[in-house]
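Chain identifiers are assigned alphabetically (A, B, ...) following the order of the sequence lines, protein sequences preceding nucleic acid strands; residue numbering begins at 1 within each chain. The figures that follow rest on heavy atoms only: side chains count, while hydrogens, waters and symmetry mates do not. The shown structure was predicted, so the numbers you read here are calculated from the model rather than taken from an experiment.
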Amino acid sequence: PPAEGTPDENYSIAIPPPNVTGALHMGHALNGTMQDALARMNRMQGHNTLWILGTDHAGIATQAVVERELREDGTSRQELGRERFVERVWEWKQKYGSTIVGQYKRLGASCDYERERFTLDGDYVRAVYRVFVALYDKGYVYRDNYIVNWDPGTHSAISDLEVENREVEDTLYLVDYPVEGSDEVVTVATVRPETMLADTAVAVHPDDDRYRHLVGGACTLPLVGRRLAVIVDEHVDPEFGTGALKITPGHDPNDFEIGRAHGLEEVTVIGEDGRMTEAAGERFAGLTVAEAHDAVVAALEEEGRIRDRRPYVHSVPFSHRSGERIEPLISLQWFCRMDELAAPAIEVVERDEVRITPAQWKRVYLDWMRNIRPWCISRQLWWGHRIPVWYCDKCDETYVAETPPERCGACGGQLRQEEDVLDTWFSSALWPFATLGWPDDTPELRAFYPTDFLTTAREILFLWVARMIMMGLEFPGQIPFRDVYVHSVIQAPDGRRMSKSLGTGIDPLDEIEAYGADALRFGLLAMSSSQDVPYSKDRVQQGLDLANKMWNASRLILLNVDAGSDSAVPAGTARSARRSRAFVEDRWILSRLQRAIEAVTADLESYDFAHAALELYRFFWSEMCDWYLEIVKPRLYDSEPEASATLLHMLEQVLALAHPMLPFVTEEIYSYLRDVAPERRAGMVVVHRFPEPHAWLVDESAEAEVGAAIELTRSLRRWRELAGVAPRTVLAARAQDTEPPELVGRLARVAFDGDAAGAESLAQVGPVEILASGDIDPEQVRHRVDERRQALCAEVERAQRKLDNEGFTANAPADVVEAEREKLAAYRAELEDLGEST
RNA sequence: GGGCGCGUAGCUCAGUGGGAGAGCGCUCCCCUCACACGGGAGAGGUCGCUGGUUCGAGCCCAGCCGCGCCCACCA
């Protein structure tokens with residue numbers, strides 16, 4: 001699309017960039033379908049529409065894939081060295097990185113494929129560096145020794161959000177620490193005895209009388225002999241264990257906080273390689289954590305320090321990336337302070353400038369943002385945005401800049417760039433504006449930022465969405481999008497998570513192969529909801545059925561229509577069209593169409609995709625096909641011009657209405673429709689005007705009249721079943737007062753012929769009197785009618801009781817009472833009718 | 001520990017105060033000239049449980065039972 005107009009007039013979506021390593025999964029398929037439905041609708045509504053496409057370099061994931069390849073080749077990234085490794089990843093990216101883009105095409109996603117973005121493109125890197133430097137200059141970004149979630153699997157620090165807590169069965173050891181200068185011991189509880197080697201204090205609660213006499217004194221750390229001060233701290237829970245807490249600032253996040261508060265020494269006994277360090281002492285240095293665990297227990301056992309051991313279930317952090325148990329370590333990392341960035345991002349959501357749907361996620365977002373903590377943004381990886389910080393070889397000088405000077409300004413020394421790269425989410429946070437050319441003031445940015453819509457899985461609400469809002473406000477200075485829609489998670493059919501490792505995944509491409517892209521799209525929209533839903537092949541089948549039905553209905557219309565009448569009769573949307581239409585069924589279906597257009601549009605605009613899909617299905621199948629097409633057939637076969645004109649108009653409107661959800665079949669059918677009258681229908685549906693409901697085509701009296709005919713037809717069919725009359729048998733009947741429409745006779749297979757004047761009357765169905773004829777068993781009819789009469793009596797009694805209740809008549813709204821009276825009257829009328837037949 | 005959500009027909013789900021709906025499945029009938037990926041007619045729910053509010057509750061309130069998710073530093 002041209003970069004013209006304003007963001008208010010235009011419509012834009014930035015796709016949640018899939019990982020370059022990724023293949024399309026159900027989440028993408030659902031997410032992509034929703035975005036595409038909105039993009040297509042808005043495009044058809046005449047908005048200049050941009051759907052930005054691109055991929056994410058996905059630091060850890062991509063590095064892992066290439067490292068696996070290297071391992072298969074018998075080498076490693078270390079052997080290759082950084083530069084060649086990064087080259088190798090780029091090669092991999094060029095070769096496989098766009099797989100998923102092709103898969104989006106198969107889904108029918110109408111993205112801007114001409115402008116595919118990548119988070120490591122030159123311009124994008126420039127944006128990332130600009131942001132990092134700016135945040136550093138503001139003092140938000142800093143480097144510090146701090147306890148981080150160390151992932152031994154990826155050999156990198158990871159952020160709090162990439163940690164997943166799991167319930168684990170462990171052993172809780174109660175260990176005696178001798179009190180200095182007495183025979184007493186203090187017993188502490190731990191599930192990780194190996195970390196005791198790094199203990200630097202013992203803490204108790206300030207109000208705990210049991211330990212009051214020890215406060216200010218010290219214990220001796222078994223195996224090590226270090227002197228541990230006994231301190232008080234509010235964080236200690238006197239109820240847990242013995243009420244005495246060993247403090248290990250180097251290997252426990254809580255203890256770290258306590259340690260910093262009390263100025264305790266920070267001892268590190270576990271290294272980044274997951275092995276015990278020199279500081280663990282000769283006996284343990286070099287052991288793995290697991291080995292050290294056993295060795296420490298054995299040693300304590302030997303000294304008689306273990307008082308007790310108990311089975312203990314607790315939650316333990318694991319890496320979301322590698323699946324390995326997180327090792328909390330003190331490490332020199334880059335952090336970003338979030339409080340200042342969060343404040344305006346809280347406000348825009350509070351004020352609904354960024355709307356979050358469904359609404360309950362607004363509070364979840366706000367709660368998290370109000371308690372936001374510093375973000376560890378450095379990663380010990382090679383694939384990613386290498387942090388734009390340079391250190392001097394010779395002096396302490398540090399340069400934080402988009403481009404560094406040649407040499408150190410202070411001493412002329414060589415500069416060496418920071419080894420770490422940025423958390424992938426740091427760059428993703430800039431996605432909605434970096435893809436539009438920021439930091440330059442580009443036409444694209446002016447035309448399409450802020451974007452309109454973002455759909456996301458709730459698991460990345462904090463990881464990504466919140467950060468985009470913060471960065472959008474901080475840098476371009478505007479919200480990144482107006483609406484955030486948190487979609488449901490499609491689970492495996494059995495309700496478990498869809499996952500590769502569980503073998504529960506269903507590949508959307510297989511489903512497209514089996515059912516077609518339109519069917520999958522329809523199915524996903526129809527099954528989506530605000531809550532998680534199991535994947536349902538039945539819904540996808542329903543989509544296939546709908547596409548098939550459209551195809552067949554179109555065949556009926558296009559093969560029988562009189563093309564000339566298309567232009568001879570006023571189009572359906574013309575104001576004159578309603579008056580000029582002689583047939584009530586035409587006015588009826590046009591009227592029903594207006595309501596369907598209104599409903600589908602409103603559903604899509606409020607992101608109620610399931611209802612949009614199901615309403616389209618209902619209208620097209622039940623009203624258009626089951627009733628209108630059946631009603632209009634004889635006129636169609638007779639080449640009656642208004643039938644043709646109405647059908648062509650209906651088809652055109654329905655195709656346009658359905659197109660955002662079912663792009664392929666509608667485009668295909670439209671190409672045939674276009675051939676019927678090329679002078680009136682140029683182009684493709686994708687750029688067709690999206691249908692708008694017209695008040696002047698809503699015709700209540702036509703709706704009432706055809707509605708009554710439909711009801712009568714159904715009543716007659718029901719009576720036929722009741723009486724056990726074969727479907728092909730034409731019932732003899734007489735219309736009592738009013739002349740029923742020809743169409744009721746045809747649809748219900750009833751012949752209103754005067755010849756039957758002398759025949760016995762069998763039943764009264766509405767205004768129609770059914771007459772005896774040779775094919776009907778009167779005994780069976782009587783029996784079934786008796787049953788119906790009993791049911792009606794019960795209804796009459798119920799309604800009567802309700803209306804006799806003064807509480808009801810006095811307090812219920814008048815129209816409700818009136819409706820009840822009408823119902824009662826209807827039951828009585830039917831009962832009376834039945835009475836005549838026996 | 002806190003928060004959010006869910007429990008409605010055999011299955012998957014709609015339904016936020018006036019006599020329970022859809023799709024699939026099931027039963028019966030029909031290959032009627034667009035479609036058997038079809039058409040017609042049906043059966044099938046004490047709306048998790050217990051109280052409460054109301055003339056009236058699937059819907060509002062309280063409590064309970066069961067399930068799921070998110071957040072959280074009790075070793």
Using the P atoms only, state how far B:U27 lies from B:G44, rounded to an integer number of Å.
-> 15 Å
Taking every non-hydrogen atom, the tightest pair across A:Val230 and A:Cys219 | CG2-SG, 3.8 Å
May I ask you to verify if any side-chain N or O of A:Arg720 is less than 4.0 angstrom from the OP1 or OP2 atom of B:G40?
-> no
Side chain to side chain donor-acceptor pair (under 3.5 Å) between A:Thr187 and A:Asp176: does it pass, once the steps are laid out?
-> CA-CA 4 Å; A:Thr187 307; A:Asp176 289 340; 2.7 Å; yes
For A:Leu245, which contact category applies under a 4.0 Å heavy-atom criterion: base, sugar-phosphate, or nothing?
-> base
Do A:Tyr173 and A:His293 have their ring centres less than 6.0 Å from each other?
-> yes
Name of the residue among A:Trp375, A:Trp464, A:Trp368 meeting side-chain contact (heavy atoms from CB on, under 4.5 Å) with A:Leu161 | A:Trp368
P atom, B:G66 versus B:A43: distance in rounded Å?
-> 37 Å
Any A:Arg718 side-chain N or O less than 4.0 Å from OP1/OP2 of B:G42 | yes
Round to the nearest Å and state the distance from A:Arg618 atom CZ to B:A14 atom C1'.
-> 14 Å
Is it true that A:Asp255 and A:Arg192 make a salt bridge, defined as a side-chain N closer than 4.0 Å to a carboxylate O?
-> no
Which value, in whole Å, describes the distance between the P atoms of nucleotides B:G2 and B:G51?
-> 28 Å
Could you work out the separation of B:C6 and B:A14 based on their P atoms and round it to a whole Å?
-> 9 Å
For B:C60, the Watson-Crick or wobble counterpart (both distances under 3.5 Å) | B:G52
Along RNA chain B (nearest heavy atom to each residue), the more 5'-positioned of A:Pro238 and A:Ala526 | A:Ala526
Among the nucleotides B:G38, B:G23, B:C71, which one has an atom lying closest to any side-chain atom of A:Tyr617?
-> B:G23
Could you give the CG-to-C1' distance, from A:Leu614 to B:U12, as a whole number of Å?
-> 12 Å
Counter-base of B:G7, judged by Watson-Crick or G-U geometry with both distances under 3.5 Å = B:C65
Using the P atom on both, measure B:G17 against B:G58 and round to a whole Å.
-> 13 Å
Would you call A:Glu459 and A:Arg497 a salt bridge, taking side-chain N to carboxylate O under 4.0 Å as the test?
-> yes
Considering only NZ, NE, NH1 and NH2 on the basic side and carboxylate oxygens on the acidic side, decide whether A:Arg746 and A:Glu630 come within less than 4.0 Å.
-> no
Expressed in angstrom and rounded to an integer, what is the separation of A:Glu164 atom CD from B:C70 atom P?
-> 8 Å
Whole angstrom is fine here: how far is it from CG in A:Asp233 over to P in B:A75?
-> 16 Å
Any chance you could list the contact pattern along nucleotides 25-35 of chain B? Use B for base contacts, S for sugar-phosphate-only contacts and - for none, protein heavy atoms under 4.0 Å, 5' to 3'.
-> ----S--B-BB
Atom pair distance, as rounded to whole Å: CE in A:Met527 and C1' in B:C13 = 11 Å
Spacing between A:His320 atom NE2 and B:C70 atom C1', to the nearest angstrom = 12 Å
What one should report as the nearest heavy-atom pair of A:Val267 and A:Leu197 is CG1-O, 4.5 Å
Would you tell me if any nitrogen or oxygen in the side chain of A:Tyr312 comes within less than 4.0 Å of OP1 or OP2 on B:A75?
-> yes
Contact class for A:Pro534 (heavy atom, under 4.0 Å): base, sugar-phosphate, or nothing?
-> sugar-phosphate
Walk me through it: do A:Asp538 and A:Gln542 pass the test side chain to side chain donor-acceptor pair (under 3.5 Å)?
-> CA-CA 6 Å; A:Asp538 285 345; A:Gln542 199 184 340; over 6 Å; no
Would A:Glu615 and A:Arg618 pass as an ion pair if we require N to O under 4.0 Å?
-> yes
Classify the angle between the aromatic ring planes of A:Tyr607 and A:Tyr485 as parallel (below 30°), tilted (30 to 60°) or perpendicular (above 60°).
-> tilted
Touch check for A:Val489, heavy atoms < 4.0 angstrom, all strands: base, sugar-phosphate only, or nothing?
-> nothing
Quick one: sort the A:Tyr672 and A:Trp551 rings into parallel, tilted or perpendicular, breaks at 30° and 60°.
-> perpendicular
Considering Watson-Crick and G-U wobble pairs with both distances under 3.5 Å, what does B:U27 pair with?
-> B:A41
If we take the P atom in both B:G1 and B:A75, what is their distance in whole Å?
-> 13 Å
Taking the same atom, P, in B:A20 and in B:A9, what whole-Å distance lies between them?
-> 15 Å
Atom pair distance, as rounded to whole Å: CZ in A:Phe462 and P in B:C70 | 11 Å
Grab the CD-P distance between A:Glu615 and B:G23 for me, whole Å please.
-> 13 Å
Please measure how far the P atom in B:C61 lies from the corresponding atom in B:U54, and state the result in whole Å.
-> 16 Å
Quick one, which residues of residues 188-203 of chain A touch RNA chain B with a heavy atom under 4.0 Å?
-> A:Ala189, A:Thr190
Could you give the distance from CD1 (A:Ile258) to CG (A:Asp233), rounded to the nearest 0.5 Å?
-> 4.5 Å
Using Watson-Crick geometry (N1-N3 plus N6-O4 or O6-N4) or G-U wobble (N1-O2, O6-N3), each under 3.5 Å, B:G1 is paired with B:C71
Could A:Asp252 and A:Lys246 be called an ion pair, given the rule that one side-chain N must be under 4.0 Å from one carboxylate O?
-> no
For RNA chain B, determine which residues of residues 362-373 of chain A have any heavy atom closer than 4.0 angstrom to one of its atoms, and list them numerically.
-> A:Arg363, A:Arg373
